[in-house]
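Bear in mind that the values here come from a model prediction, so they are computed numbers and not experimental data. Every chain is numbered from 1, with letters handed out A, B, ... down the list of sequences.
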Amino acid sequence: MADGRKQEFAVVGKSVPRVDGPPKVTGTPIYTVDMERPGMLHAAILRSTVPHGRIRRVDKSRAEQAEGVVLVVTGEDLKTMPGIDPYFGPAFRDQAILAIDKVRYIGDPIAAVVATRRELAYEALDLIDVEYEELPPVLDPVEAARPGSPLVHEQLRPAKAFADLAEIEPGKATNVCYHFKLRRGDVEQGFAQSAHVFEDWYYSPPAQHMMMEPHAALAWVDSDGVLTVITGSQSPSYVKGSLGAIFGLPQNKVRVMVPLVGGAYGGKLYDKLEPLASLLTFMARRPVKIQLTREEVFITITKHGVVSHVRTGVSQDGKILARKVEVYWDTGAYADIAPRVVHKSGYTSAGAYRVPNIWIDSYCVYTNKPPAGAFRGFGVPQVVWALESQMDMIAEKLGRDPLQFRLENVLLEGDLFATGTPVHSAGLKESLEAVAREIKWEPGVRKAVKPGTKSGVARAKGVACGIKAVITPSISGAIVVMNNDASVNVLTSTVEMGQGSDTALSQIAAEELGVRLQDVRVMHPDTAVTPYDTITAGSRSTYHMGNAIRLAAQEVKRQLFETASDRLEVDPDQLVARDGRIFVAEAPTRGLPIPEVFQARFGARGATLQGQAVFKTYAAPMDHETGQSEKVTEYWFPGATAAEVEVDLETGKVRVVKLVEACDVGRAINPHHCEQQIIGSALISLGQTLFEQMILENGELLNPTLLDYKVLTLKDVPESAVPIVIEVPHKDGPFGAKGVGETGTLSVSAAIGNAVYRATGVRVKELPITPEKVLRGLRAGQ
Amino acid sequence: MNRNPLTVSVNGAEHVLSVPGDRRLLDLLRDELGLMGVREGCGVGACGTCTVLLDGVPVNACLTLAVTTRGRSVTTIEGLARDGELHPVQQAFLEERGFQCGFCTPGMILTAVGLLRENPSPTVEEVTDYLGGNLCRCAGYPDMIRAVLRGAERCREAGGRPSATPEGPEAARLRAMGKGEEG
Ligand code: FES
Ligand code: FES
């Protein structure tokens, strides 16, 4: 951080303490799981036990008689309910509130029991009898994509819920619900000119978000007929729209409120429990709460399992001439947001390099498995795993240092991305150089195995980088209300789920209005009063909501200046707002405290000034056949990882000794937050690299509890874990800021995989890098 | 369902209750005493989110039956601050920002207090070992390690304040009471 900048801004660019700190260390925040409502009932969900089948009959009569049970609903009941369109989904309306006619995965909701107590609702599930006619399940995404495979969905309806998905049209009679294509240059000619061509398959398994607060929703209908839902959702505005569509309600009769969220990471986007909770409260005429068990969370939404085939041609002097990538996304039984995942990570599938000839096919494929959707990184980590593993293989073959090889090919300011879009504010080179410095990179081709700290241990370093684009177009609205004591309420639908948005957005408002941080309160989403926001995800809030708040605050400032300029008898454009005062820039003593400006304007206690703004980004239309677009995204966020590992040559166990993650954030509104995001996402990725995976057999999840699904703990944290904030300011970002929530996820797996190779000569192409795989490789190499 | 008499001290206040034999301590604290800082992450003893101190020792409230706390002393995150002043470990978590979404934070802080009761000057390895059963999916682990070390320092400065449970006569009295009921 440049020193000049500290003087430039009062609050922005400083690691001010988090505004949510005091409640969080005293345990007082109220999350959705804590919410109650007088007369509240509890619901439990009966789930399919077969991966694919027709529902012959559901007998709920015994459950209806059980203790405490108020009602039992099935998909069959939904068919005949007037005024309800029971299907939802952000890309395709492919998911029914409760399965209608068919079940598509083990865990698919079939019926719901509403009871006076949660235990009673769960107990009554055992009393429902379901008869299935089993259908052949489709379990492998590559097989499922072939013509003639059994169909998971016989037909599909596009949802038209988001502008960036407006043109998605499904194919007919196929499990491929979305196919992304990118064609640039002449890929075959590129291969023909190449001195070497590399071709490999890679795999990244399905994984779990494992947010500590499980999914929950509490719904009721107010006395004036407003459907009200409290939910730990990352997308309250979307949920409002979706509930309106399902139940045929005007938008002012749906109210979605989101309190603090206990972790989400992409797993609490779009419709989750809200449609069912709403249905049940309409039927029971009492408030209904649903809260999932941990086992249910595991099968509600997952990170995509991905199979990739990467073919790359390079010249003898180390230029990448052609790249052909084929990616299969196992999206499970329902598409959720997968088409967007496939689209967005589709167009980055040629990597962060200058490549003149590119051919990408990215397939989003239904299977009879738990649905997959957004996961921190939005598909890019799975693709980067493949691309960046292969980059090291190419470097070795060419006899090049892998870092140098990357630096020579990496995209620089103004270079054209695979989509034909010029790259701006993409500090890839800066990120790579920063991690190399921090890890003390020793240039060279792979060295012979180095003895580690003890015998039988090999130690080496690896590097990788990745780039992701922010969702474009998207929209954020904000209302800034200033009270007559200069305190401020910011109305926004951005969700605080741990990323620190309450603090960062407060900083932006405080900076713009010239008030203290503690004068600003960011209100949590309540769609009855907070404006539309696309989603809290995809590292978009600081930039989009930050810009909206800035513009709304400027509108408040304009009104303050208007009044102050009368009083001070100067032009408004000579005024500034700072330290709670409006004063003449050239003569700081000539000014008024904000409360006096209010007094002059209103003369009324309790008066407020409002400003509102909608910030909207645009993308140039993308050609459907070639994936080319002059402007595919509003901004890029690049990152790089360096890892030093120790591999036990006897057990194959990998230990990451040092992990360095550098991310270009544009400008850090709060440097410490950025570091938290960078290292938090890098560590989660470390866990996913070494042990995390959902193990499915015939569509059944074999490790659905925290006892058998291993995640990263404090014991697995490297001795040294270093976040590095890179700042390549964006011309349109608020104070130059972009986003940072996901950047740290992109290249961790590949950097570790590359380090393991450099230590042992074992190239693992299927995550996670388990001791068995390393050992197998070591044995094969002997 | 059979209910059992239960006298237990929670955050320094004595409660006379009657609970079913299968009631989890977690539910007793949340549903009957309104202590919502006790949080459930897994319900099977695998995440540490529900950690409370039982006579000063961290336990998983999801695996502890309420009746087993008879005559004992329970401390939840709500009982850690005294007279409006944060416990040194809370203060350290605040300063080092050892939290993000905050869901795991009460369990994390209470486990750290438990550690410092046993070991006032832990090494990094002792911290990661002791807190290894507490999952944080926001993975702000490095901040937490720093927070615990700083908390240790603050406790030492404060003259060994990690104590988060009434010791001495009050505890003895409660224990005696518990025995009396059983007999
Ligand atoms: S909820 Fe008790 S250990 Fe997870
Ligand atoms: S702070 Fe979110 S789980 Fe730990």
Between the side chains of [X] and [Y], is a donor N or O closer than 3.5 angstrom to an acceptor N or O?
X        : Y        : result
A:Thr641 : A:Glu661 : yes
A:Arg18  : A:Gln676 : yes
A:Lys14  : A:Gln507 : no

Give, as side chain, backbone, both or neither, the part of B:Asp143 having an atom under 4.5 angstrom from any heavy atom of chain A.
->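 Side chain only.
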Which region of B:Ile109, side chain (C-beta onward) or backbone (N, CA, C, O), has a non-hydrogen atom less than 4.5 Å from a non-hydrogen atom of chain A, or is it both or neither?
->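 Side chain of B:Ile109 only, per the 4.5 Å heavy-atom cut-off to chain A.
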Engaged part of [X] at the chain B interface, taking heavy atoms whose separation is under 4.5 Å:
X        : answer
A:Pro17  : backbone
A:Thr503 : neither
A:Met497 : backbone
A:Pro23  : neither

Taking all heavy atoms of A:Ser685 and all of A:Val748, pick out the closest pair and write down the distance.
->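 Smallest heavy-atom distance, with atoms named: CB-CB, 3.6 Å.
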Taking all non-hydrogen atoms of both residues into account, name the closest pair between A:Leu686 and A:Pro718 and its distance.
->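 Taking A:Leu686 first and A:Pro718 second, the nearest heavy atoms are CD1-CG, 3.7 Å.
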Only one of A:Gln208, A:Met694, A:Glu295 passes side-chain contact (heavy atoms from CB on, under 4.5 Å) with A:Leu701; say which it is.
->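 Testing A:Leu701 for a side-chain contact (heavy atoms from CB on, under 4.5 Å) against A:Gln208, A:Met694, A:Glu295 leaves exactly one candidate, A:Met694.
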For B:Val89, which of B:Val148, B:Val113, B:Leu94 qualifies under side-chain contact (heavy atoms from CB on, under 4.5 Å)?
->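 Answer after filtering B:Val148, B:Val113, B:Leu94: B:Val113.
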Against chain A, work out which of [options] has the most heavy-atom pairs shorter than 4.5 Å and name it.
options                              : result
B:Cys136, B:Gly132, B:Gly140         : B:Gly132
B:Cys138, B:Pro142, B:Cys104         : B:Cys138
B:Val127, B:Thr49, B:Val44, B:Val124 : B:Val44
B:Met144, B:Arg97, B:Glu95           : B:Arg97

Heavy-atom pairs under 4.5 Å with chain B - which of [options] has more of them than the others?
options                               : result
A:Leu706, A:Val717, A:Thr26           : A:Thr26
A:His672, A:His673, A:Arg376          : A:His672
A:Ile679, A:Thr713, A:Val33, A:Val25  : A:Val25
A:Asp34, A:Leu260, A:Leu683, A:Asp716 : A:Asp34
A:Thr28, A:Val711, A:Thr293           : A:Val711

Counting distance only, does the side-chain N/O of A:Ser539 pair as donor-acceptor with the main-chain N or O of A:Gly739 below 3.5 Å?
->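 No.
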Is NZ or CZ of A:Lys710 both nearer than 6.0 Å to the six-membered ring centre of A:Phe691 and within 45° of the ring axis?
->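 Relative to the ring axis of A:Phe691, which defines the angle, A:Lys710 lies inside both limits.
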Residues B:Arg72, B:Glu14: salt bridge by 4.0 Å N-O rule =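 Judged by the 4.0 Å cut-off on N to carboxylate O distance, B:Arg72 and B:Glu14 do not form a salt bridge.
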